[in-house]
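For reference, the structure discussed in these notes is given below.
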Amino acid sequence: MNTARHAGERLMSWPSLVPGRAQCGAELGLRTPTQDIVHFHGEHEADVHLTRAMIAKLRPALLGSSAVRLRAGSGWVTVRLDMGSDIDLLTTLVSAALQASTRVPDSAPDGCTRTRTCLTSGPR
């Protein structure tokens, strides 16, 4: 099962998210009118733009999840999508990212975890 596609289909129904190609080049990304929120890389991973402030707030919970990878100094996290509960986690993090996007933006915005080597896995 392509869990990234399933997660993307679920999130595309959210009225605050617009689908399209992500700035990093991923074929499927979801964004607000002002910024990228989530990008899907391959069949089992997504990057979510939580912002540095939201990551700091959620750090203990994020570090406690084996499905989440943090990158030092980044406002993005990677979520490994292996099962349905990972999709539920992703939707929770996207909700937090939307909340964070309405606040003061990161002082030094950065690209997703794959800005330089964005990978996609064929047609979706």
Side-chain angles (χ1 to χ4, degrees):
M1 176 171 119
N2 185 329
T3 50
R5 183 178 313 176
H6 181 69
E9 289 170 357
R10 182 188 297 186
L11 291 167
M12 279 189 253
S13 69
W14 291 19
S16 53
L17 293 173
V18 178
R21 184 173 289 275
Q23 288 181 343
C24 69
E27 288 181 31
L28 178 57
L30 298 167
R31 59 179 290 116
T32 66
T34 59
Q35 68 179 329
D36 287 356
I37 298 294
V38 61
H39 307 157
F40 294 91
H41 299 282
E43 295 183 357
H44 300 283
E45 285 191 340
D47 287 336
V48 182
H49 186 226
L50 285 173
T51 73
R52 289 174 187 90
M54 185 63 77
I55 289 172
K57 180 178 178 178
L58 299 176
R59 183 170 296 282
L62 295 171
L63 291 173
S65 173
S66 61
V68 175
R69 285 192 321 255
L70 303 175
R71 189 175 80 189
S74 176
W76 291 82
V77 299
T78 299
V79 181
R80 180 78 185 160
L81 303 168
D82 288 325
M83 58 187 79
S85 61
D86 297 333
I87 295 172
D88 294 339
L89 171 63
L90 176 67
T91 58
T92 299
L93 293 177
V94 169
S95 180
L98 287 169
Q99 182 183 37
S101 74
T102 63
R103 296 182 179 161
V104 177
D106 281 342
S107 57
D110 57 333
C112 82
T113 62
R114 319 250 175 121
T115 299
R116 294 183 186 190
T117 58
C118 181
L119 304 173
T120 58
S121 64
R124 299 203 200 299

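Quick caveat, the model's predicted, so the values are computed rather than measured. Basis for what follows: all heavy atoms, side chains included, without hydrogens, waters or symmetry-related copies.
- In this structure the side chain of Thr78 never reaches within 4.5 angstrom of the side chain of Val68, judged on heavy atoms.
- Proximity of Leu30 to Met12: side-chain heavy atoms (C-beta onward) are separated by under 4.5 Å at one or more points.
- In the hydrophobic clustering of this structure, Val18 does not group with Ile37; members are Ile, Leu, Val, Met, Phe, Trp, Tyr whose side-chain heavy atoms approach within less than 4.5 Å, directly or through other members.
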Distance-only check: which donor-acceptor pairs under 3.5 Å involve side-chain atoms of residues 87-100, not counting sequence neighbours?
unit_1	atom_1	unit_2	atom_2	d
Asp88	OD1	Arg10	NH1	3.0
Thr91	OG1	Ile87	O	3.4
Thr91	OG1	Asp88	O	2.8
Thr92	OG1	Asp88	O	3.1

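- Exactly one of His44, Glu43, Arg80 qualifies for a side chain to side chain donor-acceptor pair (under 3.5 Å) with Thr3. That residue is His44.
- Nearest heavy-atom pair across Gly42 and Ala4 is O-CB, 3.5 Å.
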As a quick check of understanding, evaluate side-chain contact (heavy atoms from CB on, under 4.5 Å) for Glu45 and Arg69, giving each step before the final call.
CA-CA 10 Å; Glu45 285 191 340; Arg69 285 192 321 255; 3.0 Å; yes
Please test Asp36 against His49 for side-chain contact (heavy atoms from CB on, under 4.5 Å), starting from the C-alpha separation and ending with a verdict.
CA-CA 7 Å; Asp36 287 356; His49 186 226; 5.8 Å; no
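- Annotation for Leu17 and Pro19: closest pair O-CD, 4.0 Å, computed over non-hydrogen atoms.
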Determine, stepwise, if the pair Leu11 / Phe40 fulfils side-chain contact (heavy atoms from CB on, under 4.5 Å).
CA-CA 11 Å; Leu11 291 167; Phe40 294 91; 4.0 Å; yes
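- For Ser85, the side-chain hydrogen bond (donor to acceptor under 3.5 Å, both in side chains) criterion is met by no residue, not counting sequence neighbours.
- Applying the side-chain hydrogen bond (donor to acceptor under 3.5 Å, both in side chains) criterion to Thr32, with sequence neighbours excluded, gives Thr34.
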Show your reasoning for whether side-chain contact (heavy atoms from CB on, under 4.5 Å) applies to His41 and Asp47.
CA-CA 8 Å; His41 299 282; Asp47 287 336; 3.2 Å; yes
